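Structure first, commentary second.
A quick note: this is a predicted structure, and the numbers were derived from the prediction, not measured. Within every chain, numbering begins at 1; the chains are lettered A, B, ... in the order of the sequence lines, protein sequences first and strands thereafter.
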Amino acid sequence: MPEYSSLEKIRLDKIDALRKEGIEPFPTRAKRTHTSVEAIAVFEASEKAAPEGQPPAEVKVTLAGRIRATRPMGKLTFAHIEDGDGKIQLFFRVNELGQERVDFFNNRFDLGDFIQASGALMRTRTGEITLLVHDYRMLAKAVSPLPAAKDETLEDGTVLRHAALEDAELRARQRYADLAVNPEVRITFRKRTAILRALREFLDGHGFLEVETPILQPLYGGAAARPFVTHHNELDQDMYLRISFELYLKRLLVGNLEKVYEIGRDFRNEGVSFKHNPEFTQLEFYWAYADYLQVMELTEQMVSTVCQKVTGGMKVTYQGQELDFTPPWRRLSMRDGILEASGVDIAEHSTAKALFKAIAAKGKTPDPKATRGKLIDFLLSEFLEPTLIQPTFLYDYPRDISPLAKSMPGDPLTVERFEGYVAGFELCNAFTELNDPLDQEARFLEMGRDYADDEEEKHPMDQDYLRAMRYGMPPCGGFGMGVDRLVMFLTDKHHIREVLLFPHLRKEE
RNA sequence: GGCCGACUAGCUCAACUGGCAGAGCAAUUGACUCUUAAUCAAUCGGUUCAGGGUUCAAGUCCCUGGUCGGUCACCA
């Protein structure tokens with residue numbers, strides 16, 4: 001049983017009063033002929049069609065929406081309702097309704113209630129298109145007051161929000177209230193959907209087949225991350241929530257599906273931050289007979305096309321700085337990038353020991369047990385990453401942190417891999433895929449050895465994946481992107497929570 | 001997980017070095033036939049995140065816990 005506040009008790013009393021009056025506060029059916037936006041458009045068209053100096057033909061509509069403001073003034077009441085499209089004003093007047101029905105609205109309806117209202121559209125003296133109400137009824141009573149937000153439209157047309165729901169926790173925990181009260185939040189999530197649709201359109205248009213692979217897996221892999229573990233009761237078998245799609249999608253290339261992609265949820269049992277949520281939306285595609293350079297080109301085409309479609313241009317403002325997604329993006333080798341940013345030339349230090357000394361000379365202290373690849377990664381995040389603001393492809397990664405990528409011909413320490421960086425953090429990760437089953441098996445063993453004393457990063461050997469690869473896998477390029485991060489860039493949100501409808505939060509006490 | 005900060009009415013926020021917990025909106029009542037943060041008058045509304053401590057006196061100081069935010073660590 002909830003503890004009702006004094007405001008809620010008043011509303012509960014109104015529900016009782018309505019029922020006593022024979023009115024159902026939660027009727028089963030509703031009716032509407034137009035949304036607020038449609039109604040306004042129809043009325044404007046009718047005004048345009050009217051001959052010069054003549055009043056427009058009468059436009060009768062039935063609207064439905066949530067009451068967001070009321071202004072009772074005796075024999076008149078003005079109210080604004082909001083629906084999924086926008087807002088429109090209702091005008092209750094004694095002339096049409098009689099005093100009793102005007103009073104009934106004022107006495108029984110509250111902010112947040114859903115109402116259905118029919119009547120004729122008109123313009124008020126101040127020029128606002130308004131529904132002159134001839135009939136109305138309750139569609140759903142709101143027991144709890146919405147966390148109020150009132151908008152004031154200033155003379156220059158800017159909207160000033162008063163008493164908006166701003167508390168980040170409450171907004172995320174009660175996203176329904178956040179959405180109900182903050183229209184720009186609805187816009188963000190509509191944009192998110194538009195981005196997903198645009199990504200699918202792009203890949204479909206390039207001949208990729210969208211597929212679905214298991215989320216519950218007997219073995220996890222394809223990334224270095226701790227998994228969530230669950231259990232199948234009937235089979236008495238532990239299962240993992242996937243940490244990537246990679247190993248399953250590449251099995252499909254063995255099966256002669258040459259271009260596949262999946263957009264779905266990955267789960268990583270790791271820290272939560274402004275760019276990490278335990279479950280996040282990943283896009284991966286695999287492309288037979290392509291290499292990482294072709295993937296690079298397709299990536300900048302895809303992201304810029306999506307940006308164009310969703311925002312109307314190739315440039316966006318992100319946290320006060322302009323990002324330009326126009327291809328081609330800057331290409332920077334790992335060696336050059338790190339040399340520029342830190343002064344350390346990784347090519348001059350071929351062992352972990354030598355590289356560690358070079359880093360120490362710069363006044364930084366990485367983990368002394370780190371492999372050479374991990375040290376390079378340290379240099380990358382410490383010096384280079386923060387400088388990669390405009391979209392940049394950083395390419396040629398150390399082999400020992402890339403167990404699924406193919407080595408550069410003639411350079412055993414380096415693999416054909418790139419990551420796309422934007423605004424100082426990683427957007428995507430791609431490589432020429434390793435398709436040699438013997439090399440792949442050796443890499444798995446290598447990972448197992450290198451990380452043997454670090455259970456968390458141990459890469460499990462996936463025998464079925466190797467079996468698939470032994471049937472022959474075409475040379476291919478593969479790609480993965482955190483879709484939430486792309487949404488962040490295109491909606492100018494600093495925190496991943498702002499682009500997830502229901503982000504991870506700690507249990508509510 | 002470490003460090004720093006925040007938490008006060010349904011919402012947004014005040015309250016000096018410890019000294020009677022306040023405002024606007026929302027709500028209730030009344031006035032008002034073109035308002036738009038409607039206005040005007042009156043009224044209601046509090047376990048100051050929770051628990052403990054110091055003190056004549058705690059929203060304020062101390063300790064423990066919670067949640068959120070920032071930051072660092074972790075995240076090949």
Side-chain angles (χ1 to χ4, degrees), chain A residues 4-11 13-14 68-80 87 89-96 99 102 107 110-112 122-128 130 132 142-154 159-173 177 181 222-226 243 268-278 280 367 370-378 380-381 397-405 415 417 419 425-426 429 443 447 450-451 454 456-459 482 494-495 497 505-509:
Chain A
Y4 289 112
S5 73
S6 61
L7 297 187
E8 289 168 329
K9 281 176 187 151
I10 290 165
R11 290 168 178 235
D13 287 345
K14 290 184 186 181
R68 293 306 311 280
T70 57
R71 291 176 292 280
M73 27 194 317
K75 296 190 162 56
L76 302 180
T77 290
F78 288 95
H80 269 101
K87 280 188 187 181
Q89 183 168 252
L90 305 183
F91 185 11
F92 299 81
R93 193 164 64 172
V94 166
N95 308 33
E96 288 74 27
Q99 188 68 54
V102 174
N107 294 333
D110 290 293
L111 299 187
M122 57 169 280
R123 271 190 199 272
T124 60
R125 244 171 240 169
T126 53
E128 179 166 352
T130 296
L132 182 60
V143 173
S144 304
L146 283 172
K150 272 195 148 188
D151 291 344
E152 178 182 8
T153 308
L154 301 177
V159 174
L160 187 63
R161 178 78 45 85
H162 295 276
L165 176 64
E166 281 169 343
D167 181 79
E169 181 193 354
L170 204 65
R171 286 187 44 233
R173 225 178 256 295
V181 144
R226 277 178 281 171
I243 58 173
R268 297 188 181 175
N269 205 338
E270 285 162 0
V272 176
S273 79
F274 75 96
K275 52 181 173 178
H276 296 91
N277 196 65
F280 63 99
D367 179 358
T371 62
R372 180 170 179 274
K374 283 228 157 193
L375 291 171
I376 291 173
D377 198 48
F378 176 85
L380 166 64
S381 50
Y397 275 65
R399 179 183 191 268
D400 62 278
I401 55 169
S402 314
L404 301 161
V415 292
R417 172 179 174 189
E419 290 189 341
F425 61 97
E426 181 191 337
N429 179 19
R443 299 277 200 100
M447 295 302 287
D450 284 354
Y451 295 104
D454 190 346
E456 286 171 4
E457 296 196 8
K458 198 161 181 175
H459 217 89
H494 170 63
H495 205 297
R497 190 202 313 114
L505 296 167
R506 278 179 225 223
K507 195 169 67 183
E508 199 170 5
E509 286 305 316

May I ask you to say what [X] touches in the nucleic acid, namely base, sugar-phosphate or nothing, with a heavy-atom cut-off under 4.0 Å?
| X | result |
| --- | --- |
| A:Leu111 | sugar-phosphate |
| A:His495 | sugar-phosphate |
| A:Lys14 | sugar-phosphate |

Which base sits across from [N] as a Watson-Crick or G-U pair, both distances under 3.5 Å?
| N | answer |
| --- | --- |
| B:C44 | none |
| B:U55 | none |
| B:A31 | B:U39 |
| B:G10 | B:C25 |
| B:G5 | B:C68 |

Side chains of [X] and [Y], heavy atoms from C-beta outward: is any pair under 4.5 Å?
| X | Y | result |
| --- | --- | --- |
| A:Asn107 | A:Lys14 | no |
| A:Leu111 | A:Leu146 | no |
| A:Arg11 | A:Tyr4 | no |
| A:Glu419 | A:Tyr397 | yes |

Query - Listed nucleotide nearest any side-chain atom of A:His276, set B:C11, B:A38, B:C75 - result: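 Of all the options, the side chain of A:His276 is nearest to B:C75.
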Query raised in the report: Out of B:A38, B:G70, B:A27, which nucleotide sits closest to the side chain of A:Leu7?
Result: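 Shortest atom-to-atom distance from the side chain points to B:A27.
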How far does the [atom1] atom of [N] sit from the matching atom of [M], given to the nearest Å?
| N | M | atom1 | answer |
| --- | --- | --- | --- |
| B:G59 | B:A9 | P | 14 Å |
| B:C25 | B:A38 | C1' | 13 Å |
| B:C7 | B:C49 | C1' | 6 Å |
| B:G70 | B:C34 | P | 49 Å |
| B:A26 | B:C40 | P | 11 Å |
| B:G53 | B:U60 | C1' | 15 Å |
| B:A50 | B:C11 | P | 14 Å |
| B:A58 | B:U8 | C1' | 14 Å |

Just the rounded figure in Å: distance from [atom2] of [N] to [atom1] of [X].
| X | N | atom1 | atom2 | answer |
| --- | --- | --- | --- | --- |
| A:Lys9 | B:U28 | NZ | P | 16 Å |
| A:Arg372 | B:A76 | CZ | P | 19 Å |
| A:Arg71 | B:A26 | CZ | P | 11 Å |
| A:Glu8 | B:C11 | CD | C1' | 13 Å |
| A:Leu146 | B:C25 | CG | C1' | 14 Å |
| A:Asp110 | B:A26 | CG | P | 12 Å |
| A:Arg226 | B:G1 | CZ | P | 12 Å |
| A:Arg68 | B:G10 | CZ | P | 19 Å |

Query - Residue met sooner reading RNA chain B from 5', once A:Gly127 and A:Pro145 are mapped to nucleotides - result: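 Closest to the 5' end, via its nearest nucleotide, is A:Pro145.
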Query raised in the report: Does the pair A:Asn95 and A:Lys75 meet the rule for a side-chain contact (heavy atoms from CB on, under 4.5 Å), with working shown?
Result: CA-CA 9 Å; A:Asn95 308 33; A:Lys75 296 190 162 56; over 6 Å; no
Query raised in the report: Could one point to a donor on the side chain of A:Gln89 or the base of B:U35 with an acceptor on the other under 3.5 Å away?
Result: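 Checked by distance alone, the answer is yes.
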Query raised in the report: With sequence neighbours excluded, what pairs up with A:Glu270 under the salt bridge (Lys or Arg N to Asp or Glu O under 4.0 Å) test?
Result: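 Salt bridge (Lys or Arg N to Asp or Glu O under 4.0 Å) check on A:Glu270 returns nothing, list empty.
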Report task. Under the salt bridge (Lys or Arg N to Asp or Glu O under 4.0 Å) rule, collect the residues that match up with A:Arg123, sequence neighbours excluded. Result ->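 Testing A:Arg123 for salt bridge (Lys or Arg N to Asp or Glu O under 4.0 Å), a comparison that skips the adjacent residues, returns A:Glu47.
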Report task. Fit a plane to each ring of A:Phe425 and A:Phe274, take the angle between them on a 0 to 90° scale, and name the class: parallel (under 30°), tilted (30 to 60°) or perpendicular (over 60°). Result ->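 Correct class here is perpendicular.
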Query raised in the report: Given A:Arg226 and A:Ile243, is the side-chain contact (heavy atoms from CB on, under 4.5 Å) satisfied, shown in steps?
Result: CA-CA 8 Å; A:Arg226 277 178 281 171; A:Ile243 58 173; over 6 Å; no
Are there any protein N/O atoms within less than 3.5 Å of an N/O atom in nucleotides 30-34 of chain B, and if so, which ones and at what distance?
unit_1	atom_1	unit_2	atom_2	d
B:C32	N3	A:Gly74	N	3.4
B:C32	N4	A:Gly74	N	3.1
B:U33	N3	A:Asn95	OD1	3.0
B:U33	O4	A:Asn95	OD1	3.4
B:C34	O2'	A:Arg125	NH1	3.4
B:C34	O2	A:Arg125	N	2.7

